[in-house]
Amino acid sequence: MSDFKGKAVMILGGSRGIGAAIVRHFAAAGANVTFTYASSADEAQKIASETGAKAVRADSALRSEVASAVADAGALDMMIINAGVAITGDLLKLEADAVDRLIDINVRAPYHAGVEAARKMHDNGRIIIIGSVNGDRVPWPGATAYALSKSAMQGLGRGLARDLGHRGITVNVVQPGPVDTDMNPVTGPFAEVMHGAMAIKRHAHVDEVAALVMFLCGPDAAMITGTTQTIDGGVGI
Ligand code: NDP
């Protein structure tokens with residue numbers, strides 16, 4: 001693993017799942033880690049005390065909270081935009097307010113967090129956005145709102161990469177397929193349907209996604225920017 005000793009890293013949504021694994025990887029590599037959470041105060045506290053990372057409560061559904069949390073973190077070397085929610089189900093029955101909240105958390109917050117991070121980010125910094133294979137493909141029903149939000153991350157990633165490239169800052173979107181977390185547990189009712197669309201028929205482990213993020217943040221990835229990096233076991237290929 002690359003040495004991230006002393007690097008200032010912020011992870012949006014680090015209390016559980018993929019974000020928590022990224023917190024642990026960066027902390028183990030010597031980085032100074034700050035992460036946000038909204039509801040999971042106990043989990044956030046536990047990870048903070050185990051890793052030495054700083055936990056900050058900031059609800060991504062509220063622009064002022066997420067923007068202040070990023071601004072308060074100061075000059076970053078790496079920004080990992082991970083916090084997200086999924087709502088799935090019958091398109092005609094989903095509550096409009098729930099869909100709007102998803103768009104606030106999955107689209108508006110990443111935009112504002114990315115821009116706030118860019119204001120003070122050190123040259124040659126890294127921004128990673130956690131998208132989804134559903135940004136490219138939707139091989140199962142009921143995911144329209146979620147897919148919309150993850151396709152938006154592709155435009156955000158390419159736009160930021162173009163705007164920040166002159167400072168040596170790279171911006172990439174990591175697009176997982178099924179990953180075993182609270183959001184999409186391997187024991188969940190849709191696991192079999194998902195595996196049916198995959199070449200490698202299993203959920204990924206959070207550490208597999210975190211390892212890709214670490215590579216993209218490391219010195220060997222300085223020329224990788226504006227890309228989507230899919231880690232999905234071959235969903236819908
Ligand atoms: P989890 O539900 O396990 O964890 C979500 C994390 O995001 C938690 O730390 C949670 O914190 C945080 N979060 C959620 N809402 C907010 C909010 N309003 N404000 C601040 N933080 C928030 O999900 P995953 O780890 O599975 O997902 C992480 C990312 O990966 C998401 O963007 C998701 O869309 C994406 N992804 C996941 C896949 C999967 O199969 N698991 C597949 C493809 C993409 P708290 O509990 O404190 O609110």
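Because the structure is a prediction, the values reported are computed rather than measured. Quick note: numbers below take in every heavy atom, side chains included, and nothing from hydrogens, waters or symmetry partners. Order of listing sets the numbers, starting from 1, for every ligand and every atom in it.
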Check each atom of ligand 1 against the heavy atoms of [X] and keep those under 4.0 Å away; list them by number with element.
X      : value
Asn184 : 39 (C), 40 (O), 41 (N)
Gly84  : 7 (O), 14 (C), 31 (C), 32 (O)
Ala58  : 19 (N), 20 (C)
Pro178 : 40 (O)

Original post:
Taking non-hydrogen atoms only, is Val85 closer than 4.0 angstrom to ligand 1 via side chain, backbone, both or neither?
Top reply: side chain
**OP:** Tell me which part of Lys150 gets within contact of ligand 1: side chain, backbone, both or neither, using heavy atoms under 4.0 Å.
**Re:** side chain
Original post:
Which heavy atom in Gly6 sits nearest to a heavy atom in Asp77, and how many Å separate them?
Top reply: O-OD2, 4.5 Å
Could you check which of [options] puts a non-hydrogen atom nearest to [atom]?
atom                    : options                       : result
atom 7 (O) of ligand 1  : Ser60, Ala38, Ala83           : Ala83
atom 32 (O) of ligand 1 : Asn82, Ile130, Asp42          : Asn82
atom 38 (C) of ligand 1 : Gly177, Gly17, Ala204, Ala109 : Gly177

Subject >> Name of the residue among Arg119, Lys120, Glu116, Glu65 meeting side chain to side chain contact (heavy atoms under 4.5 Å, CB included) with Val70 >> reply: Glu116
Original post:
What do you reckon, does Gly131 put a non-hydrogen atom under 4.0 Å from ligand 1?
Top reply: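 For ligand 1, residue contact (heavy atoms, under 4.0 Å) with Gly131 is present.
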Original post:
Is a donor on one side and an acceptor on the other found under 3.5 Å between the side chain of Arg137 and the backbone of Val235?
Top reply: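 Here the side-chain-to-backbone pair exists.
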Subject >> Separation between NE2 of His112 and CG of Leu12, rounded to the nearest 0.5 Å >> reply: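 Nearest 0.5 Å value for the NE2-CG distance: 12.5 Å.
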Original post:
Where is the nearest protein heavy atom to atom 40 (O) of ligand 1: which residue, which atom, and how far?
Top reply: Val179 N, 2.8 Å
